[in-house]
Amino acid sequence: MKSLDCNEVLERLWAFLDGEADEAQCQELQDHIARCLGCRHQADFEVRLRQVIQSKCRTDRAPQKLREDLRRLLSKSP
Amino acid sequence: MGACVVSTNHSGLTVTSEEHERFEALVSRHLDGLYGTALRLTRNRTTAEDLIQDTFLKAWRSFRTFQEGTNARAWLYKILMNAYIDSYRRSARAPEMVDQEDVGDFYLYAKAQDSEELKRAGDPEEILLSKIMDADVKEALEQVPEPFRAAVILADLQDFSYREIADILDIPIGTVMSRLYRGRRHLQRLLWDYARRVGYADGDAPASPARA
């Protein structure tokens with residue numbers, strides 16, 4: 001079987017990083033990224049970018065008042 | 001609490017306070033995530049709270065048919081997304097976004113590699129990431145058009161799998177992927193615009209304070 005080139009790896013990179021690459025390809029993608037500096041660099045960047053996005057966007061907490069409103073709503077809902 | 005108060009719901013079935021408590025505990029576990037999602041979708045605190053209350057009541061009404069052991073979190077998000085699409089999404093018509101330029105999937109990385117200014121400043125990706133750390137990423141995300149934004153929120157902030165997102169939004173997996181990737185691309189473009197505005201990244205509109 002012909003191994004994946006960089007373009008083919010990049011086409012599948014998001015699926016791979018999302019843990020959604022199919023099993024057969026997963027190992028191949030992993031191997032390529034391990035030995036190809038360019039692809040590894042790019043994959044690392046996407047991973048870190050996602051961490052930044054998560055750390056910036058996952059900060060909201062439901063207001064206490066909303067929790068109380070929901071409790072009240074439920075007590076009135078049979 | 002504790003005492004088992006029995007009341008009757010609209011379909012004449014008995015509801016126990018125990019069921020109330022079980023439901024409340026379930027929602028409570030996921031409320032921060034649901035609220036954050038509602039906020040990014042509606043872009044407004046009051047509307048987000050309304051959407052959560054709607055979701056809560058709809059979920060409660062179908063709680064009886066909810067099977068213990070099924071994916072409770074995905075079930076709640078599905079109700080949230082349906083309520084949002086039914087009542088809150090403005091002009092749910094065709095995608096608003098047009099790709100003006102043929103950018104690859106990895107917009108920011110490509111731009112970082114191309115930026116002379118970033119290269120001069122040292123490690124381009126490192127500098128760019130630290131710039132984005134200072135950016136209002138929430139605001140950028142909220143500018144990603146629907147329906148791409150929903151896919152990004154569900155995948156990148158709520159960690160749902162493609163399969164789960166397909167179920168939540170009732171669309172094929174291929175559509176999940178294309179919405180998600182487009183959404184990410186769009187978000188990266190917005191973040192690049194930000195980086196360029198604040199400096200550190202060159203482009204066709206160099207950002208000097210005087211011209212801001």
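Here is the naming used below: chain letters follow the sequence lines, and residue numbers restart at 1 for every chain. Keep in mind that the numbers below use all heavy atoms, side chains included, and drop hydrogens, waters and symmetry copies.
Of the two parts of Leu180(B), only the side chain, counted from C-beta on, holds a non-hydrogen atom closer than 4.5 Å to a non-hydrogen atom of chain A. Contact of Asp134(B) with chain A is made through the backbone alone, with heavy-atom distances under 4.5 Å. Proximity to chain B (any heavy atom under 4.5 Å) is shown, for Arg48(A), by both the backbone and the side chain. Residue Glu46(A) touches chain B through its side chain alone, counting heavy-atom pairs closer than 4.5 Å. For Leu31(B), the parts lying near chain A are the backbone and the side chain together; criterion is any non-hydrogen pair under 4.5 Å. Proximity to chain A involves both the backbone and the side chain of Ile132(B), based on heavy atoms less than 4.5 angstrom apart.
With chain A as partner, the option from Ala140(B), Ala135(B), Ala110(B) having the largest number of non-hydrogen pairs under 4.5 angstrom is Ala135(B). The candidate with the highest count of non-hydrogen atom pairs below 4.5 Å against chain A, out of Gly36(B), Ser28(B), Ala155(B), is Ser28(B). Most heavy-atom pairs under 4.5 Å with chain B, from the set Thr59(A), Leu13(A), Asp44(A): that is Leu13(A). Each of Ile173(B), Leu187(B), Val27(B), Val137(B) has some count of heavy-atom pairs under 4.5 Å with chain A, and the biggest count is that of Val137(B). Comparing Gln42(A), Gln54(A), Arg61(A) by how many heavy-atom pairs each has under 4.5 Å with chain B, the most go to Gln42(A).
Judged purely by atom type and a 3.5 angstrom limit, Lys56(A) has no side-chain atom pairing as donor or acceptor with the backbone of Lys138(B).
Minimum heavy-atom separation, Glu49(B) to Pro63(A): OE2-CG, 3.6 Å. Taking every heavy atom of both residues into account, Trp14(A) and Gln188(B) meet most closely at CZ2-NE2, 3.8 Å. Closest approach of Met133(B) to Val52(A), counting heavy atoms only: SD-CG1, 3.5 Å. The two residues Phe56(B) and Leu70(A) come nearest to each other via the heavy atoms CE2-O, 3.3 Å. Closest approach of Leu49(A) and Leu129(B) over heavy atoms only: CA-CD2, 3.7 Å.
Of the charged side-chain nitrogens involved, none lies within less than 4.0 Å of a carboxylate oxygen, so that Arg58(A) and Asp32(B) do not count as a salt-bridged pair. Between Arg184(B) and Asp18(A), at least one side-chain N (NZ, or NE/NH1/NH2) sits under 4.0 Å from a carboxylate O, which counts as a salt bridge. Residues Asp60(A) and Arg40(B) are paired through a salt bridge, judged by an N-O separation under 4.0 Å between the basic side chain and the carboxylate. Of the charged side-chain nitrogens involved, none lies within less than 4.0 Å of a carboxylate oxygen, so that Glu24(B) and Arg67(A) do not count as a salt-bridged pair.
With values rounded to the nearest 0.5 angstrom, Asp156(B) atom CG is found 4.5 Å from Arg50(A) atom CZ. Interatomic distance, CG of Leu74(A) versus CG of Leu57(B), reported as 8.5 Å (0.5 Å rounding). Distance CD1/Ile52(B) to CG/Leu73(A): 12.0 Å, rounded to 0.5 Å.
Applying the ring pair (Phe, Tyr, Trp, His ring centres under 6.0 Å) definition to pairs two or more places apart or across chains, those involving residues 35-78 of chain A are Phe45(A)-Tyr109(B). Judged as a side-chain hydrogen bond (donor to acceptor under 3.5 Å, both in side chains), the pairs with a partner in residues 168-181 of chain B (not counting sequence neighbours) are, in order, Tyr162(B)-Tyr181(B).
Residues Ser75(A) and His20(B) have side chains not in contact (no heavy-atom distance under 4.5 Å, counting atoms from C-beta outward).
Other residues, nucleotides and ligands place more than 12 heavy atoms under 6.0 Å from the CZ atom of Arg40(A).
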